[in-house]
Structure formats: C-alpha cells, structure tokens
2 protein chains.
Amino acid sequence: MQRVFEALASPVRRKILAYLAHAELSAGDIASRFEMSKPSISQHLSILENAGLVVSEKRGQFVFYRQVEDNLANTLAGFVQEVCPVGRPLRRESATLAGDRGKGGEG
Amino acid sequence: MQRVFEALASPVRRKILAYLAHAELSAGDIASRFEMSKPSISQHLSILENAGLVVSEKRGQFVFYRQVEDNLANTLAGFVQEVCPVGRPLRRESATLAGDRGKGGEG
DNA sequence: CCAATGATTAGGCAATTACCTAATTATATC
DNA sequence: GATATAATTAGGTAATTGCCTAATCATTGG
C-alpha cells in the first residue's frame, strides 16, 4: 500500500498507468511518449512493478508492460473505506455503476 | 490532483486522515498521537490542507482540523475511472455497497 | 503587562528522489 | 562471431523532502 501511493505520487507514473489502461505496451513504446530518457522510464516502470500495479513480460527483444487491473482500484477503494468519514461519494459512484449492470458486461 | 497524490504518499499524512475520519481534532491532539515534533506535524497538516483534503478552523488558542469529505473519495474515484482498464473491482465494490442500501443509512 | 499554552514560521541538515550519460545484458539477423 | 536494436544496470549530480531546534505569533488568564 505504501508502495502504491508512492508510485501514484508521480505524474509520469500516473500517465504511464493511463497509457496502460487500454493496451499493453513495450518499454520503448512507453518511453517514446515522454520527453525523458529510456533509463528514467525504465526506472519508473520498475517502481510501478514493485508496487504491484503493472507486470512485465519479455517477448523476444521486447518487454511488454500491462496493468494489474485489480490492485489499483482495490487498494484505493480499501483506503477510502478506511479513511473517509462515510464514503458517501463512493456510494453515489456505486449507485451509478450499479445502474449500469446488465447494460455493459462484467468483464 | 497532483497535490492530493503527493499528500497521500506519506504514511504520516494518511494516518492523520484516518484520525480525522471520525472526529475533528486540534493540531496538538494530532501531534500527540505521533512521535514527532509539533512543527513537523504542522507542516504535514498544511500539506493536507493545500491538497484540499482537510480544512482548519481557529477557535481560541486552538486550531481544529477536519476532513473535506468529498475531495478524497471523489479524486480517487475519478482517477480510477480514468486509469483502470474496466473498473471491475470498483463495480464489485459497488454491488456490495448497493446491497447495503436500505440497511444502513445514506449519511 | 507578564507568563503560560497552542500553533506556526524560519533556518539548517541528512536522506531521498529524479534525472542524466555511459556501460552492460539479451535478442535478432546476417 | 559481428552488428543492430531493446532494455536495464551503474554511477553521479541537482533538487526535493522530512525532520529537527529555535524563534515568533496569538490567545488566555493572573
């Protein structure tokens, strides 16, 4: 949990997570989206991986990164439950999402 | 949002938020719960306040702090929506909370 | 006004973070 | 094996963070 919040404290790392929201990307793909050296991005990726927010898989020359879906949402949801006085906003959020069930799909 | 995540990166600050989940406390009340100098706690409190997560109110000699309830949950919920692939865990969370409605109470 | 209490501001220091370049490791291709 | 490409590791530096003590500001009460 500490590692998750440390990881999220960086704008670069949050942006990486956003990139990985919809697609798996190689380290180079990610680095090319930032004006920053590849080693720096590699470091950011390892911080995200140590936090359990992403996993990497080597295929050939490339290392692909993807999100570990459950960890981020679960960690934040758990934290909110613990620290928020009542969790009213989350409940409101819940109502909305609950209303969606049956329209979208669970997975 | 950057300030919120920066604020949450510190264990001390998260613990302060937890203390403020159920009660309003003075700066001294909070400081007494940590093995840390009052000025340091004061600094942590100002970081939380600048992030919009708490507000302070001076009454007599004392400065009382309390959570700004909506901001934390809303910020995190918004972030999860943006960055999580599908939001499945949040949906599951939702189902639970939705099931609670009618039993507990909305406020 | 003067002393006591609560809290913040100021100033300084150690540890950490974030970045860079250079070097290394691993894979693919010839 | 030699070369090119992808990625990480190593090493170094500037900026930031986190903590402390001392000093200051504000309020209460004799």
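Everything numeric here is computed off the predicted structure, so don't read it as measured data. Residue numbers begin at 1 in each chain, while the letters A, B, ... track the order of the sequences.
- Annotation for B:V55: hydrophobic cluster partners, listed by chain and number, are B:V68 (ILVMFWY side-chain heavy atoms under 4.5 Å, direct or chained).
- Counting only residues at least two apart or in different chains, ring-ring contact (aromatic ring centres under 6.0 Å, His included) contacts with residues 22-56 of chain B comprise B:Y19-B:F34.
- Taking atom CD on B:E49 and atom C1' on C:dA7, their separation rounds to 13 Å, with Å as the unit.
- Residues passing the salt bridge (charged side-chain N to carboxylate O under 4.0 Å, His left out) test with A:R66, sequence neighbours excluded: A:E24, A:E57.
- Partners of A:E82 by side chain to side chain contact (heavy atoms under 4.5 Å, CB included), not counting sequence neighbours: none found.
- Clustering of Ile, Leu, Val, Met, Phe, Trp and Tyr side chains at separations under 4.5 Å places A:F64 together with A:F62.
- Annotation: proximity of residues 22-30 of chain A to DNA chain D (heavy atom, distance under 4.0 Å) is found for A:S26, A:A27, A:G28, numbered in ascending order.
- Taking every nucleotide of DNA chain D with any atom under 4.0 Å from a non-hydrogen atom of chain B, the first and last of them, 5' to 3', are D:dG18 to D:dT28.
- Not counting sequence neighbours, B:S32 has no partner by the side chain to side chain contact (heavy atoms under 4.5 Å, CB included) test.
- B:R33 CZ: more than 12 foreign heavy atoms inside a 6.0 Å radius.
- Residues meeting the side chain to side chain contact (heavy atoms under 4.5 Å, CB included) test with A:A9, sequence neighbours left out: B:A9.
- Residues forming a side chain to side chain contact (heavy atoms under 4.5 Å, CB included) with B:P11 (at least two apart in sequence, or on another chain): A:Q2, B:R14.
- For the pair B:F64 CZ and C:dT8 P, the interatomic distance rounds to 12 Å; values are reported in whole Å.
- Between A:S37 and C:dC20, a side-chain N or O to OP1/OP2 separation shorter than 4.0 Å is present.
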Contact state string [nucleotides 10-18 of chain C, B base, S sugar-phosphate only, - no protein heavy atom under 4.0 Å]: --------S
Each nucleotide N or O in nucleotides 25-30 of chain C that has a protein N or O under 3.5 Å away: list the pair and distance.
from   : atom 1 : to    : atom 2 : distance (Å)
C:dA26 : O3'    : A:K58 : NZ     : 3.4

